[in-house]
Amino acid sequence: MFDNARRTHTCGELRPLDVGRRVVLQGWAQNARDMGGVVFINMRDRHGIIQVVADERCPDAVRQAAAGVHLEYVVEVEGTVALRASANPKLATGLVEVVAASVTILSRTPALPFSIEGHISANEDLRLQYRYLELRRPELQKNLIMRHRASLAVRRYLDSEGFVEVETPILTKATPEGARDYLVPSRVHAGQWYALPQSPQIFKQILMVAGMDRYFQIVKCFRDEDLRADRQPEFTQIDIEVSFATRALVMELATNLVRTVWKEMLDHDVGELPVISYTEAISRFGVDSPDTRFGMEHSDVTAQLRATEFGVVRGPLDAGGIAKVFVVKGGGASVSRKQLDAWTLFVRTYKLGGLLYGKVGSPWTGPLAKLSEAEQSAIIAASGAIDGDLVLLGAGTYAAVNAGLGKLRAAVAKELGLVPPGFSFVWVVDFPSFELDEESGRWMAVHHPFTSPRPEHIALMGTGREGEMFADAYDLVCNGYEIGGGSIRIHDPDVQSKVFAALGMTPEDAEQKFGFLLDALRHGAPPHGGLAFGFDRMAMLLCGTDNIREVIAFPKTASAQDLMSGAPSPVDPKQLRELHVRNTE
RNA sequence: GGAGUGGUAGUUAAGUCGGUUAUAACGCUAGCCUGUCACGCUAGAGGCCGCGGGUUCGAGUCCCGUCCGCUCCGCCA
């Protein structure tokens, strides 16, 4: 493997069978211990760690050279493999060591800004500034290797299913719909701009018109929106599109992709994936990307409490709101007042005014003790609570109750340690086509404007009943993360035009913004559909982390900066002049 | 755009009611040590307490502003 290199072995591969072998190793000094007469150096590369020793068997010059090795120096050691006097069971190479015949320092470093060995201790901004040091840590190297292997598995699977990987442009046309675009000024065309793609959506549909049949691409996408722990402004998608596809076919292909990747990466059998409707997801979990590893499902008690005299509940119901509950088993005794207060603050961030709780017993205690016995019995009947349980109730608008209790359900499960390890996948289907934007009062596409409505709902467009339409869309959810989403697309240009009109675009608008797609659809478009996986989130789950930065080599901070390179940064005025751009600040 | 939280030697943290010379561990430097593996021992260097104002006889500590990290809300077709 290293025929043309001086390095004969990696630091992770030597074993007792190699004793007596002459080797040349190159790597980083993980740890250097000078005992006076004998010097030990733990050498590390990405394959492992091995102990090098310089003692009385070595010339004085070698011992001196070894004593001059400091943390994270890059060294070359030539020597002979020997059995160790005392083994180190913590190292895979722990039965052997290399007795140095020469020690050469290849590269030096000043004192490190943080320690690479052991547990993470430094603040994240420092670790991002020195990302190359952070990336020496085995945990991150393991994640990058997992990511690499997953992308290979994806390509192998899709290739075996007849998919062709096609690259689509990075410099594309700005689309005013959806997320903010990253814009790139054109030098040649003064005042005109490219946009970086939010997704290759339109290009892949046009590839279907082109007869490409089964397309995929592992591709960078860009959205100029604020970040989260699971969201970066540039991210990688596994983008898939299939001609002549039904929803069932796309879902089957995607399921098999996930099944293959989880089997090959983790030897984990994902089993059969349940399918629930969007409506059912909201009803049972309050959110459209539910974590289904645990229970605590919601129960609607609006009807049961319709006539309650408890004003805090009655008020929202009279205003047209709803009331839902979920149950913390045994929580009557184990959950503290302090936790309940924190949860109340938590649901307020989702515009849910408050959280009402009751400890089930005879009588109940807590705010829900104010309900009548009949009402308490009705809650017990609806939720299955028993004596000793904690009932959490939210009353307010439909959106606030679902969001507040839905996010609280996940937070409570995590806080109380009720989330079992493993993976729980679920397909969520039948999303609404449109939702009303409160600011503008206009219909917005829930998925995107190219998503086909369910065929039986197409006639509702333009009747004012757009809110009743459902889309032929589907999301794949794992452990509460949306890891994939897609739809059957519109292949009829007339239907596509009607959707643009429903979204408030004039025909001229639609032609100007999406004319090239409409033109393509007019030239013999096959029925088609597809989906895209969030590859970073998939890698997160495979690596067992909940932070997307741990599966990206060079991630950005929450304010979208690269602390290592310093991007974004001011540019030379000459560059701006060439691009016909002027700074206003 | 908003909320929460953090910012004190190179690093991680402690710092009480506003009061002497701002502590500790790791790292670093020097010396000692022949089997360590979180080596050990001795000594030493190292600080604009994020930054800018203010209150006070006196501010790491209280107040106002601001910058940066993280988490969340909005946003993310």
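Chain naming here is simple, since letters A, B, ... match the order of the sequence lines and numbering starts at 1 in each.
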Q: Counting only side-chain heavy atoms from C-beta out, which of rC39(B), rA38(B), rU12(B) sits nearest to R33(A)?
A: rC39(B)

Q: May I ask you to evaluate whether S559(A) reaches the phosphate of rC68(B), defined as a side-chain N or O under 4.0 Å from OP1 or OP2?
A: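 No.
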
Q: Of the listed nucleotides (rG35(B), rU34(B), rG69(B)), which one gets closest to any side-chain atom of R63(A)?
A: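 Within the option list, the nearest is rU34(B).
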
Q: At less than 4.0 Å, is any side-chain N or O atom of R549(A) found next to OP1 or OP2 of rU71(B)? Yes or no.
A: yes

Q: RNA chain B: P113(A) or R231(A), which has the more 5' nearest nucleotide?
A: P113(A)

Q: Which class fits the ring pair H457(A) and F470(A): parallel under 30°, tilted 30 to 60°, perpendicular over 60°?
A: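 H457(A) and F470(A): tilted rings.
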
Q: Looking at rG27(B), rC76(B), rC33(B), which one has an atom nearest to any side-chain atom of L71(A)?
A: rG27(B)

Q: Ignoring the backbone of Q51(A), work out which of rU11(B), rC72(B), rG35(B) is nearest its side chain.
A: rG35(B)

Q: Can you tell me which nucleotide in rG35(B), rC37(B), rA13(B) comes closest to the side chain of N123(A)?
A: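 The closest nucleotide is rA13(B).
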
Q: Could one point to a donor on the side chain of R57(A) or the base of rG35(B) with an acceptor on the other under 3.5 Å away?
A: yes

Q: Relative to each other, are the rings of H70(A) and Y73(A) parallel, tilted or perpendicular (30° and 60° limits)?
A: tilted

Q: Considering only atom C1', compute the distance from rA38(B) to rG74(B) and round it to an integer number of Å.
A: 46 Å

Q: For atom P, what is the distance between rG2(B) and rG40(B), given to the nearest Å?
A: 50 Å

Q: Run the numbers on F535(A) and F235(A) for ring pair (Phe, Tyr, Trp, His ring centres under 6.0 Å), then give the verdict.
A: CA-CA 8 Å; F535(A) 186 54; F235(A) 58 98; over 10 Å; no

Q: Given the P atoms of rG18(B) and rC63(B), what is the spacing between them in whole Å?
A: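 Those two atoms are separated by 10 Å.
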
Q: Checking all strands, does M444(A) fall into the base, sugar-phosphate, or nothing category for heavy-atom contacts under 4.0 angstrom?
A: nothing

Q: Under 5.5 Å centre to centre and under 30° between planes: does that hold for F40(A) and the six-membered base ring of rU36(B)?
A: yes

Q: Which base, if any, makes a Watson-Crick or G-U wobble pair with rU12(B), both distances under 3.5 Å?
A: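 Pairing partner, where one exists within any strand: rA24(B).
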
Q: Separation of M564(A) atom CE from rC68(B) atom P, in whole Å?
A: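 Taking atom P of rC68(B) as the reference, CE of M564(A) is at 20 Å.
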
Q: Within the structure, does a side-chain N or O atom of H70(A) lie under 4.0 Å from either OP1 or OP2 of rU29(B)?
A: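 Checking H70(A) against rU29(B): at least one side-chain N or O falls below 4.0 Å of OP1 or OP2.
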
Q: May I have the distance from H448(A) (atom NE2) to rC76(B) (atom P), rounded to whole angstrom?
A: 15 Å

Q: As a test of understanding, state which of K204(A), R489(A), H491(A), Q205(A) forms a side-chain hydrogen bond (donor to acceptor under 3.5 Å, both in side chains) with H528(A).
A: Q205(A)

Q: Sticking with atom C1', work out how far rA59(B) lies from rA22(B), rounded to a whole angstrom.
A: 13 Å

Q: Looking at rU12(B), rC76(B), rC72(B), which one has an atom nearest to any side-chain atom of T349(A)?
A: rC72(B)

